[in-house]
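Below you'll find the structure, written out as structure tokens, and then a few comments.
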Amino acid sequence: MSADTPPAYRDAYARLSRIAAELETGEADLDRVLPLLEEAREAYAQCRGRIEAVRAVLAGDWADGGEAEEDGE
């Protein structure tokens, strides 16, 4: 993966799951909590961005656009 390629949704979601599990145990060192929350915020933003991109495609003329072009309309 190049530096310009965003991480895959699955990777960001796995990071969120790992962070949540670590925080839920209540055993995370206080000095580690802030970095974990920052990492979680970043992973959440990546997941949300990917979801919003899919929603935008599905909400657009993506499904109907191809048929109109094929019919010459």
Side-chain angles (χ1 to χ4, degrees):
M1 176 168 36
S2 74
D4 296 336
T5 305
Y9 174 86
R10 182 176 293 197
D11 295 336
Y13 186 83
R15 285 173 48 209
L16 278 174
S17 295
R18 177 187 50 78
I19 293 166
E22 185 172 342
L23 292 173
E24 285 175 351
T25 66
E27 296 178 16
D29 182 62
L30 185 58
D31 292 330
R32 180 143 165 75
V33 171
L34 186 56
L36 282 173
L37 292 176
E38 287 297 322
E39 183 181 353
R41 184 189 58 78
E42 182 182 305
Y44 173 78
Q46 291 167 350
C47 287
R48 184 174 177 158
R50 300 294 286 170
I51 290 169
E52 291 302 320
V54 170
R55 282 184 180 160
V57 169
L58 294 176
D61 293 329
W62 175 73
D64 296 327
E67 292 175 12
E69 291 176 13
E70 290 175 10
D71 294 338
E73 294 175 12

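Below, all heavy atoms of this structure are taken into account, side chains as well, without hydrogens, waters or symmetry copies. Every value quoted in this text rests on a predicted model; they were computed, and no experiment measured them.
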Nearest 0.5 Å, please: how far is [atom2] in [Y] from [atom1] in [X]?
| X | Y | atom1 | atom2 | result |
| --- | --- | --- | --- | --- |
| Y9 | L16 | OH | CG | 8.5 Å |
| R50 | R55 | CZ | CZ | 14.0 Å |
| L37 | R32 | CG | CZ | 10.5 Å |

inquiry  = So which atom in I19 and which in A40 form the shortest heavy-atom distance, rounded to 0.1 Å?
reply    = CD1-N, 3.6 Å

task = Locate the shortest heavy-atom distance separating Y13 from C47; write the atom from each residue and the value.
result = N-SG, 3.6 Å

ask   = Is R18 atom CZ crowded by more than 12 heavy atoms from other residues, nucleotides or ligands, each under 6.0 Å away?
value = yes

